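Reading through the structure tokens given below for one structure.
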Amino acid sequence: MDLRELRYFIAVYELGSISAAARRCYVAQPSISAAIQHLEAHLDTLLFSRHSKGVYPSDSAQRLYPLAKKLTGEAQAISQLFRNKPQPMPFSLGLMRSLGAERMSFLLKELIQSVESLELSLVNPEEPCDARIITPAYLREDERFQPIWLDRYLLALPAGHSLSLQEQVTLEELDNLPFIHRSPCDALESLQQELRHRKISFLTRANIRTIEYALGLVSAGVGAALAPDWPETRERKDIVLRPLVDVKLELEIGLAYPKKRAMEGPLDCLQGLCLRRWEEAGAPERAGG
């Protein structure tokens, strides 16, 4: 059995898309399709069924996936066992709060897998570091900026709250609404500026720093909160997300790196990974800096 085909299969299974798997594996889509078809013929079973947005794994694919991960992992371990170990390559990355643990984990995993012997250190964005993931508001004059994600913010409400029965919420309905205040949050600051202009104010119930705690308090019925429209947020059953009328709350997040530093090694790889995510999201292209 071809390990390359198994790696292509794993990419399709994890991403749910032939095109996304091709981008991850840096090959053309027909190569991925041909590998899956050959694997299906070899195993005499259907692995995926197509739908409008990608592919669904079959029961056979679900049984094959853990075995394929084990085989490819063991093959990689064997290769590394007999390979001369290069010197560690240190790289420090500053991370702002509230980036989304799932998507950041995938980004960092891909960086670590792409740069051999990378020794990654995660620090606060205010500390000395090789690059930072921040919003443009905190960009320094000596840095360039590569967008990664465009986060859209919604109102998070406890399940069963009266406002959750509506399709959308007006700003006037936020007046005296029990609210979980999170700082720092640029989107929340923009909303509060608009509310002050309209003489509307929240009834603050808690002041915290992380989205995770904010959504936990929303779930507990303490109050509402502003939350990013991430897949993991949408999947929660204990809260309800609703758009706000007459205000567009978006936050661009990207990679900030020194203008005068050579684009090589981990930084060059990370910049490429960030650019790819920005393009995959369909966001408008923008040159770094």
Side-chain angles (χ1 to χ4, degrees), residues 87-115 117-153 156 179-193 204 206-218 225-233 249-278 281 283 286 288-289:
Q87 291 296 317
M89 187 177 296
F91 185 76
S92 59
L93 181 62
L95 301 182
M96 60 176 277
R97 281 187 169 85
S98 304
L99 290 174
E102 183 173 334
R103 64 183 183 181
M104 273 306 307
S105 296
F106 280 116
L107 177 62
L108 296 178
K109 175 185 175 182
E110 195 166 359
L111 174 63
I112 291 171
Q113 291 178 337
S114 301
V115 181
S117 296
L118 177 67
E119 186 178 307
L120 179 64
S121 298
L122 302 180
V123 300
N124 292 323
E126 300 82 16
E127 299 179 52
C129 52
D130 296 298
R132 309 187 296 156
I133 295 184
I134 57 172
T135 65
Y138 301 99
L139 188 68
R140 298 193 297 256
E141 291 186 359
D142 63 342
E143 291 178 317
R144 297 185 186 279
F145 188 79
Q146 168 58 59
I148 312 173
W149 301 294
L150 184 66
D151 287 346
R152 294 173 174 85
Y153 279 75
F179 198 82
I180 313 302
H181 187 278
R182 184 173 62 83
S183 178
C185 177
D186 294 348
L188 179 56
E189 291 178 7
S190 298
L191 174 60
Q192 288 181 305
Q193 288 180 4
T204 302
N207 292 284
I208 60 173
R209 298 177 67 86
T210 68
I211 289 176
E212 290 74 17
Y213 276 115
L215 296 182
L217 290 174
V218 173
L226 206 60
D229 187 19
W230 297 336
E232 57 263 41
T233 311
L249 299 174
E250 295 181 338
L251 193 61
E252 191 176 79
I253 295 172
L255 176 70
Y257 56 92
K259 290 180 178 179
K260 295 184 178 180
R261 174 164 177 167
M263 292 295 290
E264 58 185 14
L267 181 57
D268 184 40
C269 179
L270 180 58
Q271 194 272 343
L273 294 173
C274 293
L275 174 60
R276 194 174 77 194
R277 275 162 173 73
W278 181 247
R286 190 177 84 180

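All of these numbers come straight from a predicted model, not from anything done at the bench.
The minimum heavy-atom distance linking Ala131 with Tyr257 is given by the pair CB-CB, 4.3 Å. The nearest pair of heavy atoms linking Thr233 to Pro228 is OG1-O, 3.3 Å. A pairwise comparison of heavy atoms in Gly254 and Ile148 identifies CA-CG1, 3.6 Å as the closest pair. Contact between Ala256 and Leu139 at its shortest, heavy atoms only, is CB-CD1, 3.6 Å. Shortest non-hydrogen contact noted between Arg209 and Pro184 is NH2-CD, 4.3 Å. The minimum heavy-atom distance between Val123 and Cys129, with the atom names listed, is CG2-CB, 3.9 Å.
Residues passing the salt bridge (Lys or Arg N to Asp or Glu O under 4.0 Å) test with Arg103, sequence neighbours excluded: Asp151. Contacts of Glu189 classified as salt bridge (Lys or Arg N to Asp or Glu O under 4.0 Å), with partners at least two apart in sequence or in another chain: none. By the salt bridge (Lys or Arg N to Asp or Glu O under 4.0 Å) test, Glu232 pairs with no residue at all, sequence neighbours left out. Scanning for salt bridge (Lys or Arg N to Asp or Glu O under 4.0 Å) contacts around Arg132 gives Glu143, with sequence neighbours left out. Phe179 pairs by the ring-ring contact (aromatic ring centres under 6.0 Å, His included) definition with Phe202, not counting sequence neighbours. Partners of Ser98 by side-chain hydrogen bond (donor to acceptor under 3.5 Å, both in side chains), not counting sequence neighbours, listed by chain and number: Arg182.
Proximity of Leu188 to Ser183: side-chain heavy atoms (C-beta onward) are nowhere separated by under 4.5 Å. When side chains are defined from C-beta on, Asp130 does not count as touching Leu270, because their heavy atoms never get closer than 4.5 Å. For the pair Glu102/Trp230, no side-chain contact is recorded, criterion being any heavy-atom separation below 4.5 Å from C-beta on. Using a 4.5 Å heavy-atom threshold, the side chains of Tyr153 and Ser190 count as separate. In this structure the side chain of Trp278 never reaches within 4.5 angstrom of the side chain of Leu255, judged on heavy atoms.
Interatomic distance, Ile180 CD1 to Tyr213 OH, rounded to the nearest 0.5 Å: 13.5 Å. For the atom pair CG of Asp229 and CG of Leu249, the computed distance is 12.0 Å after rounding to the nearest 0.5 Å. Here the CG atom belonging to Leu251 is positioned 5.5 Å from the CG atom belonging to Asp186, to the nearest 0.5 angstrom. Considering CD1 of Ile208 and NE2 of His181, their distance stands at 10.5 Å, rounded to 0.5 Å. Rounding to the nearest 0.5 Å gives a distance of 12.5 Å between CZ of Arg97 and SG of Cys185. Here the straight-line distance linking atom CD1 of Ile133 with atom CG of Leu93 works out to 4.5 Å at 0.5 Å rounding.
Side chain of Lys259 to backbone of Glu141: a donor-acceptor contact under 3.5 angstrom is found.
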